[in-house]
Novice: 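Here it is, the structure, as structure tokens.
Since this is a predicted model, take the numbers as computed values, not measurements. These numbers come from the heavy atoms of this one structure, side chains and all, not from hydrogens, waters or symmetry mates.
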Amino acid sequence: MKQVARDEDVTMEWLLQKIASGSIIIPSNNVRKQKIHNVGIGRGLKTKVNVNIGTSTLNVDPEAEVKKARTAVKYHADTIMDLSDGGDVGAIRRTLLEAAPITFGTVPIYEAYNYGVSVHKNPMNLTEDDFLKAFENNAKDGVDYTTIHAGITKEIAKRILQVQRHGGIVSKGGTITAAWMLKYDKENPYFEHYDYLIELARRYDVTFSLGDALRPGSILDSHDELQVQEMINVARLTRRAHQQDVQVMVEGPGHVPLNEVAANVRLAKSLIGDVPYYVLGPLVTDVASGHDHIASAIGAAVSASEGVDLLCYLTPSEHLALPDADEVKAGLIAYRIAAHAADLVKIRDKAIKWDMAMTEARRTLDWERQIALSIDPEEAARIHSRTGQHPGNNVPCTMCGGACVYIMLPQQRRYEKDKELQQAG
């Protein structure tokens, strides 16, 4: 809590009140022994960005995932999630926990699915104990927060077959859970045994990230009855967890047209209350394959400015393939831009200081300072140094050359110095 208070420039008294009310969370598993950089997530704090990595059943390369994890840490991801469902997911998770000393999340049902494939030879042969054991395994390994799809019930799953959805169910965890319930005509184990999950979460101080199993997978399905019905259940589950002092954040979509993004945040907050809201994107169009990090960063900036607290990034490979490390970086940078743009709305007095410093560096042609202040200094330096750029400060860049406004009207560059002299006089 002291670390978060310093990072966010808030008082401990203020922070304690917000944590006690559930409007701010600090995910931090009590068995995770390595020193990590904890972050606070919630209203009044900087918007945070999550990076997803992990293997698939068709691509199992733990070393590649470690590289992605290190890329995420290098370029300042706030949290990271291991979504592995291929290979030895337990061993991969423990390796990535070591590689990424930041807040770490997982989706336990992916481990259950992996167990179903490797042991039962069919993921639909899972037992209720398999669902619950997967959650416990993640908690014991030191995972700070876990996505659990507890809001989708058997009643809602049956409605899936009756409601016309253009994109269907696109959540892997939601699909696994729904298919299992429909096959056995049983209730969702994460809903049925929610009190047991709360008991485990209390024991290990694991934060619930209540998943949106029925998030829209197309802008055509945004805010349909399935999505809203699940959100109502999630709101009830949030209150139950809070009654037992378990930290909670709630997950949101997904694919949402631009004119509905703000409404989505307001609807969610009206249902769940003043609880951290964690949103994937949202994508504001479905036609940006290869550039979904851009299409979703547009929605992310709007949603965060309306009150979303944690943004889950997308990469250029979304809907196409497992991302590589370069695509992880591209997605992360796009989302850090979106997060900061939103903070200029939510916590302007604090966030604007970064932009003020950049403006001063640009006006004075201080290239070293400009590059250092950039959200991606490496890329800024690479671009600035190409195409015959004169080295050093106090020179124009090749964009304008001799027509640089600060060369043609040098009085602009002396503004700050002149103002200081006037004030001294």
Novice: Looking at His242, I want to see if its NE2 is surrounded by more than 12 non-hydrogen atoms of other residues, nucleotides or ligands under 6.0 Å.
Specialist: yes

Novice: What do you reckon, is CE of Met124 surrounded by more than 12 foreign heavy atoms closer than 6.0 Å?
Specialist: yes

Novice: Calculate, to the nearest 0.5 Å, the distance between atoms CG and CD1 belonging to Leu226 and Ile152 respectively.
Specialist: 8.0 Å

Novice: Examine the side chains of Glu306 and Tyr277 and answer whether a donor and an acceptor come within less than 3.5 Å of each other.
Specialist: no

Novice: Within the structure provided, determine whether Leu373 and Glu360 are in side-chain contact (heavy-atom separation under 4.5 Å).
Specialist: no

Novice: So that I can tick it off, tell me whether Arg94 and Asp141 are bridged by a salt bridge, with the cut-off set at under 4.0 angstrom between side-chain N and carboxylate O.
Specialist: yes

Novice: What distance do Met1 atom CE and Arg6 atom CZ have between them, rounded to the nearest 0.5 Å?
Specialist: 12.0 Å

Novice: Is a donor from one side chain sitting under 3.5 angstrom from an acceptor on the other, for Thr106 and Asp82?
Specialist: no

Novice: Within the distance-only criterion (no hydrogens, no angle test), does the side chain of Asn188 pair as donor or acceptor with the backbone N or O of His149 below 3.5 angstrom?
Specialist: yes

Novice: Can you tell me how far the CZ atom of Phe104 sits from the CG atom of Asn29, to the nearest 0.5 Å?
Specialist: 11.5 Å

Novice: Are Glu8 and Lys48 close enough for a salt bridge, meaning some N to O gap below 4.0 Å?
Specialist: yes

Novice: Are Asp376 and Lys329 ion-paired here, with the side-chain N under 4.0 Å from a carboxylate O?
Specialist: yes

Novice: Please check this pair: side chain of Lys46 against backbone of Ile347, looking for a donor-acceptor N/O pair closer than 3.5 Å.
Specialist: no

Novice: Could you tell me whether Asp309 and Lys269 have a side-chain N and a carboxylate O separated by less than 4.0 Å?
Specialist: yes

Novice: I want to check something: taking the side chain as every heavy atom from C-beta on, are Asn233 and Ile156 in contact at a cut-off of under 4.5 Å?
Specialist: yes

Novice: Answer yes or no: is there an ion pair linking Asp144 with Arg32, defined by an N-O contact shorter than 4.0 Å?
Specialist: yes

Novice: Ignoring hydrogens and angles, tell me if any N or O in the side chain of Asp212 forms a donor-acceptor pair with the backbone of Gln227 under 3.5 Å.
Specialist: no

Novice: Does NE2 belonging to His390 count more than 12 external heavy atoms closer than 6.0 Å?
Specialist: no

Novice: Assess the side chains of Thr364 and Asp366: does a donor N or O sit below 3.5 Å from an acceptor N or O?
Specialist: no

Novice: Determine whether more than 12 heavy atoms belonging to other residues, nucleotides or ligands lie under 6.0 Å from atom NZ of Lys172.
Specialist: yes

Novice: Just how far is it from atom OH of Tyr204 to atom CG of Asn30, taken to the nearest 0.5 Å?
Specialist: 8.5 Å

Novice: Looking only at side-chain N and O atoms, does Tyr115 offer a donor or acceptor that is under 3.5 Å from a partner on Asn137?
Specialist: no

Novice: Classify the ring geometry of Tyr335 against Tyr313: parallel below 30°, tilted from 30° to 60°, perpendicular beyond 60°.
Specialist: perpendicular

Novice: Does Tyr194 reach the main-chain N or O of Leu237 with its side chain, forming a donor-acceptor pair under 3.5 Å?
Specialist: yes

Novice: Do Glu65 side-chain atoms and Gly54 backbone N/O form a donor-acceptor pair below 3.5 Å?
Specialist: yes

Novice: Against Leu267, only a single residue in Leu271, Asn264, Val265 fulfils side chain to side chain contact (heavy atoms under 4.5 Å, CB included); can you say which?
Specialist: Leu271

Novice: Under 4.5 Å between any side-chain heavy atoms of Cys397 and Gln389, yes or no?
Specialist: yes

Novice: Mind checking side-chain hydrogen bond (donor to acceptor under 3.5 Å, both in side chains) for Arg165 and listing every partner two or more places apart, or none if nothing turns up?
Specialist: Asp224

Novice: Quick check: does any side chain N or O of Asp78 sit under 3.5 Å from a backbone N or O of Val49, one acting as donor and the other as acceptor?
Specialist: yes

Novice: State which residue, out of Arg369, Glu379, Met358, His384, fulfils the side chain to side chain contact (heavy atoms under 4.5 Å, CB included) condition with Ser374.
Specialist: Met358

Novice: Should we count CZ of Arg203 as having more than 12 external heavy atoms under 6.0 Å?
Specialist: yes

Novice: Side-chain contact test, heavy atoms from C-beta onward, threshold under 4.5 Å: evaluate it for Val405 versus Cys400 and give yes or no.
Specialist: no

Novice: Hey, are His319 and Asp286 close enough side-chain-wise for a donor-acceptor pair under 3.5 Å?
Specialist: no

Novice: When you compare the side chain of Arg70 with that of Lys74, does any pair of heavy atoms fall below 4.5 Å?
Specialist: no

Novice: What distance separates Thr55 OG1 from Lys68 NZ, expressed to the nearest 0.5 Å?
Specialist: 9.0 Å

Novice: Taking atom CD as the centre, does Gln34 end up with more than 12 heavy-atom neighbours from other residues, nucleotides or ligands that are less than 6.0 angstrom away?
Specialist: yes

Novice: Does the side chain of Ser317 reach to within under 4.5 Å of the side chain of Asp324, using non-hydrogen atoms?
Specialist: no

Novice: Above 12 or not: heavy atoms from other molecules or residues under 6.0 Å from CZ of Arg240?
Specialist: yes

Novice: Is the side chain of Lys18 donor-acceptor paired with the backbone N or O of Gly42 at a distance under 3.5 Å, no angle test?
Specialist: no

Novice: Rounded to the nearest 0.5 Å, how far apart are CD1 of Ile92 and CG of Leu83?
Specialist: 12.0 Å

Novice: For Asn38 and Ser28, does a side-chain donor sit closer than 3.5 Å to a side-chain acceptor?
Specialist: yes

